[in-house]
Structure formats: structure tokens, C-alpha cells
Amino acid sequence: MKNIVLIGMPGTGKSVVGRALAERLDYEFVDADDIITETTGKTLPEILREDGLEAFFQIEEQVGRTLEREDTVIATGGSMALYDTAMAHLKENGVVVWLETPLSQISDRMPEDLVDRGIAAPAGMTIREIYAQRAPLYARHADLIVASRDGEGDTAHQVEEVLRTVGMRL
């Protein structure tokens, strides 16, 4: 069976929805950000502050290019869609679902300092600018787009229903 790869902006709930979806489907769950933290021994904000944005991008892309799983819900980092090679690898054995969330909801969930949240973006870039940059990439890489709902269980159920509707055997 294929993996389910969740993409979308930071603050969309990919990790929380991913865990709920994995539980519903009896799949494993993995968070790409957790793999980065385990691999480096640093939190995302520590990598961004100590090693810089380019180092973070290299690590994240490598995780996406080398992740090998089956029957797993994979929550990617918000910037994974920046790497065509990583996304192509994840799509080889997965269906990519964009959890689309309105910018207003994302903005409400973000701290003043985006680095505190581990958001990989050039210094001074606003959440609106990040969204404008990434939304076309999410759309390009997505096999399916699901508008996120208020509760993670509701969104997980919606993802499951969409996958079943398009004929993905779960």
C-alpha cells in the first residue's frame, strides 16, 4: 500500500492530522521534522540559528530524498515542497495530500519570530510572503487537495474519505 504524504504550510496541523489519520488507517506515522531533529541532535530553531537556512534546506531535502517507508502517513516540513527531487522521491510510493489552510488561520497560529517556530524562510520574510511563494508549489506537487477543518479528527476523516473517493485502497 502507498504512503500518504501530507504537505502544506507550517501551522496547518500536518503532524496532528497525520497522527490521527495514521491511527484511523492503522498506518505508521513519521514526522520529517522529527527525523531532522534526531539526525542532527538539534531542534529546528537551533539549526536555523546556528547553522543557517541553507544548511537546514540541505538536511530537509536529504530527508525527503532518502525516506523509505511503507504504509506510513508522512508529515513533511512546510518547506519540503521547495525540493523537486525530494517530492518526486516521496511520490514514488505515496499519494501527496496538500492540507490547504486559509492564510488567516495560519497567521493566527504563528509566533512573532518565525524562527522560534522552526519556519525555514529568509530573514524578514512574512508568513504572507512565504504562503505566496509556497502555495503554487503545494498545488503542483499535490495529488489531492483537502481544505483543513477545525478539528484534527475531522480533517483526518476528510482526508480518508477523499482518498477512498478517488479509489485509493486503504
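Numbers here are sequence positions counted from 1.
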Could you grab the distance from atom [atom1] of [X] to atom [atom2] of [Y], nearest 0.5 Å is fine?
| X | Y | atom1 | atom2 | result |
| --- | --- | --- | --- | --- |
| L44 | S79 | CG | OG | 9.0 Å |
| D51 | T40 | CG | OG1 | 8.0 Å |
| I35 | I74 | CD1 | CD1 | 7.5 Å |
| Y138 | L82 | OH | CG | 7.5 Å |
| T126 | Y131 | OG1 | OH | 13.0 Å |

Kindly indicate whether the side chain of [X], heavy atoms from C-beta on, has any atom under 4.5 Å from the side chain of [Y].
| X | Y | answer |
| --- | --- | --- |
| W98 | V146 | no |
| L21 | I4 | yes |
| V96 | L144 | no |
| I47 | I36 | yes |
| T101 | M9 | no |

Test log, rule side chain to side chain contact (heavy atoms under 4.5 Å, CB included), inputs V97 and V5: CA-CA 6 Å; V97 179; V5 181; over 6 Å; no
Which residues share a salt bridge (charged side-chain N to carboxylate O under 4.0 Å, His left out) with D34, sequence neighbours left out: none
Sequence-distant partners of E68, salt bridge (charged side-chain N to carboxylate O under 4.0 Å, His left out), two or more places apart: none
Intermediate values then yes/no, side chain to side chain contact (heavy atoms under 4.5 Å, CB included), E70 and K2: CA-CA 6 Å; E70 289 187 17; K2 288 192 168 206; over 6 Å; no
Sequence neighbours excluded - salt bridge (charged side-chain N to carboxylate O under 4.0 Å, His left out) pairs with any residue from residues 72-88: D84-R140
Sequence neighbours excluded, every pair satisfying salt bridge (charged side-chain N to carboxylate O under 4.0 Å, His left out) that has a member inside residues 123-135: none
Under-4.0 Å salt bridge between K42 and E50: yes
Whether [X] side chain and [Y] backbone form a donor-acceptor pair below 3.5 Å:
| X | Y | value |
| --- | --- | --- |
| D71 | Y27 | no |
| T72 | R69 | no |
| H141 | M87 | no |
| T76 | L6 | yes |
| D143 | V95 | no |

Side chain to side chain contact (heavy atoms under 4.5 Å, CB included) between V73 and N3, worked out: CA-CA 6 Å; V73 176; N3 296 320; over 6 Å; no
A22 to F29 - nearest heavy-atom pair and separation: CB-CB, 3.8 Å
Shortest non-hydrogen contact from A32 toward G77: CB-N, 4.2 Å
For T43, side chain to side chain contact (heavy atoms under 4.5 Å, CB included) partners two or more places apart: P45, E46
Where at least one partner belongs to residues 13-22, residue pairs that pass side-chain hydrogen bond (donor to acceptor under 3.5 Å, both in side chains), sequence neighbours excluded: S15-D31
Matching residue for Y83 among E60, R65, E61, Q62 - test: side-chain hydrogen bond (donor to acceptor under 3.5 Å, both in side chains): E60
